[in-house]
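Below you'll find the structure I mean.
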Protein chains: 2
Amino acid sequence: MENLVREKRMALGMTQDELSIRLDVSRQTISSLEKGRYNPSITLAFKLSKLFQCTIEEIFIYEEE
Amino acid sequence: MENLVREKRMALGMTQDELSIRLDVSRQTISSLEKGRYNPSITLAFKLSKLFQCTIEEIFIYEEE
DNA sequence: TATAAATGTAAAGTAAGCTTGACAACGAAA
DNA sequence: TTTCGTTGTCAAGCTTACTTTACATTTATA
């Protein structure tokens, strides 16, 4: 699933490390997420949407298979 | 995390079994979801939102801890 | 009431999200 | 060029979403 985590993060001028601390996940989780290595849990998706002040749908692009 | 899966499903007049087949998950997954036994993956949340024709935020109520 | 349809749930296993630790690679700045 | 901040990624392990099987309980209907 594609996502705009990197774009949203950089728009806030944050590093992966800072973002991971704010969201209480590991830096590797953010790195892998941005690289599209896996999909986030719905909990992490909600945390991101709160921090980025947008909807989950505005961060994650779901393409049905 | 609270959710309105049961309400949305019944509004469509579907059984758990019918819903599970349409979403390609097991009936137990739907039952457990409705009972709040666990949170869905973001993929399942998107599938539900497409079928129910609403946003993920309209189905799942996230309360930050 | 009897019978079937729908739902709840337990146990055991698989798959995927996420962690920790570690190290390499890259870019910017001293 | 050296150093540092940032990011990529691997391996091993833990946790949780989800499956299969199976059976019990509730709800609806003949």
Side-chain angles (χ1 to χ4, degrees):
Chain A
M1 188 179 313
E2 305 222 347
N3 69 74
L4 301 178
V5 173
R6 165 154 295 174
E7 289 80 353
K8 301 272 188 188
R9 171 176 64 80
M10 300 192 93
L12 291 183
M14 301 179 71
T15 66
Q16 291 182 347
D17 202 48
E18 290 169 341
L19 180 58
S20 72
I21 291 170
R22 296 265 325 246
L23 299 179
D24 198 34
V25 294
S26 69
R27 181 182 63 77
Q28 287 82 339
T29 292
I30 301 299
S31 178
S32 297
L33 245 192
E34 292 186 356
K35 283 291 175 177
R37 288 169 148 272
Y38 58 74
N39 300 324
S41 66
I42 195 173
T43 302
L44 180 50
F46 265 115
K47 284 181 179 176
L48 284 161
S49 78
K50 294 288 183 189
L51 183 54
F52 291 156
Q53 298 190 65
C54 61
T55 64
I56 289 177
E57 288 82 357
E58 286 169 336
I59 307 175
F60 298 93
I61 317 299
Y62 176 67
E63 297 292 341
E64 36 224 316
E65 59 279 47
Chain B
M1 187 179 312
E2 306 221 347
N3 69 74
L4 301 178
V5 173
R6 165 155 293 173
E7 290 79 354
K8 301 272 187 186
R9 171 177 64 80
M10 300 193 92
L12 292 182
M14 302 178 71
T15 66
Q16 291 182 346
D17 201 49
E18 290 168 342
L19 180 58
S20 71
I21 291 171
R22 294 266 325 247
L23 299 179
D24 199 33
V25 293
S26 69
R27 181 181 63 77
Q28 286 80 343
T29 291
I30 301 300
S31 178
S32 297
L33 245 192
E34 292 186 356
K35 283 290 176 180
R37 289 169 147 271
Y38 57 74
N39 300 324
S41 66
I42 195 174
T43 301
L44 180 50
F46 264 115
K47 284 182 180 177
L48 284 161
S49 78
K50 294 290 183 188
L51 183 55
F52 291 157
Q53 298 190 64
C54 61
T55 66
I56 289 177
E57 287 83 357
E58 287 170 335
I59 307 174
F60 297 94
I61 317 300
Y62 176 67
E63 297 293 340
E64 38 223 314
E65 60 280 48

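Everything numeric here is computed off the predicted structure, so don't read it as measured data.
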*So, for Asn39(A) and Met1(A), which heavy atoms are closest and what is the spacing to 0.1 Å?*
OD1-CB, 3.2 Å
Nucleotide N/O of nucleotides 12-15 of chain C paired with protein N/O under 3.5 Å:
none

_Short side-chain to backbone donor-acceptor contact, Ser31(A) and Arg27(A), under 3.5 Å_ =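 Flag not set: sc Ser31(A) to bb Arg27(A) has no pair under 3.5 Å.
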*Residue met sooner reading DNA chain C from 5', once Arg37(B) and Asn39(A) are mapped to nucleotides*: Arg37(B)
_Residues touching DNA chain D, which here means a heavy atom under 4.0 Å, drawn from residues 26-35 of chain A_ =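 Contacting residues: Arg27(A), Gln28(A), Ser31(A), Lys35(A).
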Review item, side-chain donor-acceptor pairs of residues 4-11 of chain B, under 3.5 Å, at least two apart:
{"unit_1": "Arg6(B)", "atom_1": "NE", "unit_2": "Glu34(B)", "atom_2": "OE1", "d": "3.0"}
{"unit_1": "Arg6(B)", "atom_1": "NH2", "unit_2": "Glu34(B)", "atom_2": "OE1", "d": "2.9"}
{"unit_1": "Arg9(B)", "atom_1": "NE", "unit_2": "Glu34(B)", "atom_2": "OE2", "d": "2.6"}
{"unit_1": "Arg9(B)", "atom_1": "NH1", "unit_2": "Met14(B)", "atom_2": "O", "d": "2.8"}
{"unit_1": "Arg9(B)", "atom_1": "NH2", "unit_2": "Glu34(B)", "atom_2": "OE1", "d": "3.2"}
{"unit_1": "Arg9(B)", "atom_1": "NH2", "unit_2": "Glu34(B)", "atom_2": "OE2", "d": "3.3"}

*Any link between Leu12(B) and Phe60(B) through a network of hydrophobic side chains (Ile, Leu, Val, Met, Phe, Trp, Tyr) touching at under 4.5 Å?*
yes
*Hey, does the side chain of Asn3(B) reach the backbone of Leu33(B) with a donor-acceptor pair shorter than 3.5 angstrom?*
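Yes; judged by distance alone, with no hydrogens or angles, the pair exists.
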_Test side chain to side chain donor-acceptor pair (under 3.5 Å) applied to Thr15(B) - qualifying residues, sequence neighbours left out_ = none
For nucleotides 24-30 of chain C, tabulate all protein N/O to nucleotide N/O atom pairs closer than 3.5 Å, reporting atom names and distance.
none

*Rounded to the nearest Å, what distance is computed from the CZ atom of residue Phe60(B) to the P atom of nucleotide dA17(D)?*
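Nearest whole value for this atom pair: 12 Å.
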*Of the non-hydrogen atoms in Pro40(B) and Ile42(A), which two are nearest, and what is the gap between them?*
O-CG2, 3.3 Å
*Transitively linked via ILVMFWY side-chain contacts under 4.5 Å: Tyr38(B) with Leu19(B)?*
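No; tracing contacts between hydrophobic side chains, which count when under 4.5 Å, never links both residues.
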_Smallest separation among heavy atoms of Leu23(B) and Lys47(B), with atom names_ =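 For Leu23(B) and Lys47(B), the tightest heavy-atom pair comes out as O-NZ, 3.1 Å.
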*asked:* From OH of Tyr38(B) over to P of dT9(C), roughly how many Å is that when rounded to an integer?
replied: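 One finds 13 Å between P of dT9(C) and OH of Tyr38(B), rounded.
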*Show your reasoning for whether side chain to side chain contact (heavy atoms under 4.5 Å, CB included) applies to Phe46(A) and Glu64(B).*
CA-CA 9 Å; Phe46(A) 265 115; Glu64(B) 38 223 314; over 6 Å; no
*Would you say Phe52(A) and Glu58(A) make side-chain contact, with heavy atoms under 4.5 Å?*
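The answer is no; the side chains never approach within 4.5 Å.
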*Taking atom C1' of dC18(D) as reference, at what distance in whole Å does atom CD1 of Ile42(A) sit?*
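From Ile42(A) CD1 to dC18(D) C1': 15 Å.
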*Hey, does Thr29(A) have a side-chain heavy atom less than 4.5 Å from the side chain of Ser20(A)?*
no
*Measure the distance from CG on Asp24(A) to P on dG17(C) and round it to the nearest whole Å.*
19 Å
*Rounded off to whole Å, could you give me the CD1-to-C1' distance for the Ile21(A) and dT19(C) pair?*
15 Å
*Cys54(B) to Ile59(B) - nearest heavy-atom pair and separation*: SG-CG1, 3.4 Å
*asked:* Can you pull out the residues from residues 7-17 of chain A that lie within a 4.0 Å heavy-atom distance of DNA chain D?
replied: Arg9(A), Thr15(A), Gln16(A)
